[in-house]
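Notes for the one structure printed next.
For the numbers below, each heavy atom of this structure counts, side chains included, while hydrogens, waters and symmetry mates do not. Each chain gets a letter, A, B and so on, in the order its sequence line appears, and its residues count up from 1.
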Number of protein chains: 2
Amino acid sequence: MVTASRPLRADAARNREKLLAAAAQLFAERGLDVPLEHIARRAEVSIGTLYKHFPTREAFVAAIFPERLAALDVIGEKALATPDPWQAFAGYLEDLYALQAEDRGLNDVLARDLPNAPEVVSACHRGAGHAEILIARGVEAGVLRPDYSIADVATLTRAMAQVIRDSPSEWRRFLSIYVEGLRTQSP
Amino acid sequence: MVTASRPLRADAARNREKLLAAAAQLFAERGLDVPLEHIARRAEVSIGTLYKHFPTREAFVAAIFPERLAALDVIGEKALATPDPWQAFAGYLEDLYALQAEDRGLNDVLARDLPNAPEVVSACHRGAGHAEILIARGVEAGVLRPDYSIADVATLTRAMAQVIRDSPSEWRRFLSIYVEGLRTQSP
DNA sequence: GGTTAAGTCGAGGGCTGCCTCGACTTTCGT
DNA sequence: ACGAAAGTCGAGGCAGCCCTCGACTTAACC
């Protein structure tokens, strides 16, 4: 049962795009909690119009982040294609947090449990799937501590989100210290 | 020039104590950002009276936390008295975060830069002094990575604050993974 | 017990952010 | 070029939190 909504009127389509652009920009700059009024202002659209197009903050998230989360798949594929299991896992983490560091909104999405939009959830699940394989490969190769699990990555992700917020220039160093601790043997 | 304020009236002293107790409790339960109105309510005192005794949130922090921060000195002394440099440093971190995990307010105080009260600041400085000695000893003994510094502890503290907030049952595990990574040689 | 400084109270004003709704304006098919 | 449907607008109500101030109450000292 597809609810075939008729096409948007020209001005409506224009406003929708302006809102999306403004939201994407502000989420990236200031995080998910930016006031909706600021988004409306930057889009040069009234608050009423904003609510017409996106009745909730979640609606913005659902419209903006699935595309951005595709990057997760890319770095997942890249890691899976890396032959050395240690390099694959460590590189995955590095790429993941580099992504988070570039976009405060994405940082928030991945760190909190909030995002309910099904497309966001499924993208996260795919990411977790990649991570699980990488962990399994690392453990099997004896290069990762055997009790390491996806839950540890989740915890790390929240910790990294905080480090990225507080001191954007320090996260690589922090990660490298953490990561060294995962190795059961030296290179 | 000591501004010898005359003693408080009996009812005022009583209210002051009720406010302190309420604030201590709510800070510990809900963190530093608890609404001042809630503190007044729990103390069974009007909001006006609250402001009379503690004109700012900082005033509460200054009244409550110096005592609590004394615990920092205790664990610092304990660590300095530990002969094995590795054990001393690792134990210090463990004790420090155990403290944070017990008190959301303390967790906030140590993680944010906020607290301006001189007594709070100096307690933090003393703590940092202890940590610096412990790091130096660890590095000298070749048991800590030689580039480790107090700034890394600061970053770790913010990260741990987040982990403690999100998943109070996971912080020990997270810390142990991080900590293992500091060792330059196996036990 | 009367005086008075000290203390208490809470309504209310300010601010920020969320969200709604009815009056107005624009598009678009005919 | 007209009318209906679609869209836009923004004032304003609501809520949470901050903080103040003037009217009232009370402890403390004589």
Side-chain angles (χ1 to χ4, degrees), chain A residues 3-64 104-105 108 112 114-117, chain B residues 3-64 104-105 108 112 114-117:
Chain A
T3 358
S5 54
R6 59 197 74 255
L8 284 177
R9 235 169 62 177
D11 55 346
R14 218 180 313 126
N15 282 339
R16 197 187 138 83
E17 286 316 308
K18 289 206 284 182
L19 281 165
L20 276 178
Q25 216 181 325
L26 284 171
F27 282 165
E29 283 171 15
R30 311 222 189 264
L32 277 196
D33 288 334
V34 69
L36 296 178
E37 255 116 352
H38 292 195
I39 296 178
R41 205 172 311 142
R42 180 160 311 188
E44 295 176 294
V45 139
S46 91
I47 184 66
T49 299
L50 179 149
Y51 275 97
K52 169 98 188 197
H53 287 284
F54 301 96
T56 67
R57 187 179 298 272
E58 269 297 311
F60 276 110
V61 173
I64 288 174
R104 264 216 62 182
D108 288 352
R112 311 185 194 175
L114 313 175
N116 289 325
Chain B
T3 357
S5 53
R6 58 198 71 256
L8 284 177
R9 232 169 64 176
D11 54 346
R14 219 179 312 126
N15 282 338
R16 197 187 137 84
E17 286 316 307
K18 290 207 284 182
L19 281 165
L20 277 178
Q25 214 180 328
L26 283 171
F27 282 165
E29 284 170 16
R30 312 222 189 265
L32 277 196
D33 287 335
V34 68
L36 296 178
E37 256 118 350
H38 292 195
I39 295 178
R41 205 171 310 141
R42 179 160 311 189
E44 296 175 291
V45 140
S46 90
I47 184 66
T49 299
L50 179 148
Y51 275 97
K52 168 100 187 198
H53 288 284
F54 301 96
T56 67
R57 187 179 299 272
E58 269 296 312
F60 275 111
V61 173
I64 288 174
R104 264 214 63 182
D108 287 354
R112 311 186 194 171
L114 313 176
N116 289 326

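Rounded to the nearest 0.5 angstrom, B:Arg104 CZ and B:Leu26 CG are separated by 12.0 Å. To the nearest 0.5 Å, the span separating CD1 on A:Ile39 from CG on A:Leu19 amounts to 8.0 Å.
A donor-acceptor contact under 3.5 Å links the side chain of A:Arg9 to the base of D:dA6.
Formation of a donor-acceptor pair under 3.5 Å by the B:Arg30 side chain with backbone atoms of B:Pro35 is not found in this model.
As judged by a 4.0 angstrom heavy-atom cut-off over every strand, B:Arg16 is placed among residues making no nucleic acid contact.
A:Glu44 CD: 12 or fewer foreign heavy atoms inside a 6.0 Å radius.
Contact between the side-chain N/O atoms of A:His38 and the OP1/OP2 oxygens of C:dT16 is not found at any separation under 4.0 Å. The phosphate of D:dC18 has OP1 or OP2 within less than 4.0 Å of a side-chain N or O from B:Arg57. Phosphate contact (OP1/OP2 of C:dC9, side-chain N/O of B:Thr49, threshold under 4.0 Å): present. The side chain of B:His53 places no N or O atom within less than 4.0 Å of a non-bridging phosphate oxygen (OP1 or OP2) of C:dG7.
Rounded to an integer number of Å, the gap from CZ of B:Arg14 to C1' of D:dA28 is 13 Å. A straight line from CG of B:Leu36 to P of D:dT20 spans 12 Å, rounded to a whole angstrom. When the P atom of D:dA27 is taken as reference, atom CG of B:Asn15 falls 11 Å away, rounded to whole Å. Residue B:Tyr51 contributes atom OH, which lies 24 Å from atom P of C:dA6 at whole-angstrom precision. Taking atom CZ of B:Arg41 as the reference point, atom C1' of D:dC17 lies 11 Å away to the nearest angstrom. With rounding to whole Å, B:Lys52 atom NZ is found 5 Å from C:dG7 atom P. Per the geometry, CD belonging to A:Glu17 stands 14 Å off P belonging to D:dG7, to the nearest Å. For the pair A:Phe54 CZ and D:dG7 C1', the interatomic distance rounds to 15 Å; values are reported in whole Å.
Across D:dG10, C:dT8, D:dG7, the shortest atom-to-atom separation from the side chain of A:Ser46 is found for D:dG10. Closest approach to the B:Ala10 side chain among D:dG7, D:dA28, C:dT8 is made by D:dA28 (side chain taken as heavy atoms from C-beta onward).
Remark on DNA chain D: of its neighbouring residues B:Leu8 and B:Glu37, the 5'-side contact belongs to B:Glu37, judged by nearest-heavy-atom nucleotide.
Using the six-membered ring where Trp is involved, A:Phe60 and A:Phe54 have ring planes that are parallel, under 30° apart on the 30 and 60° scheme.
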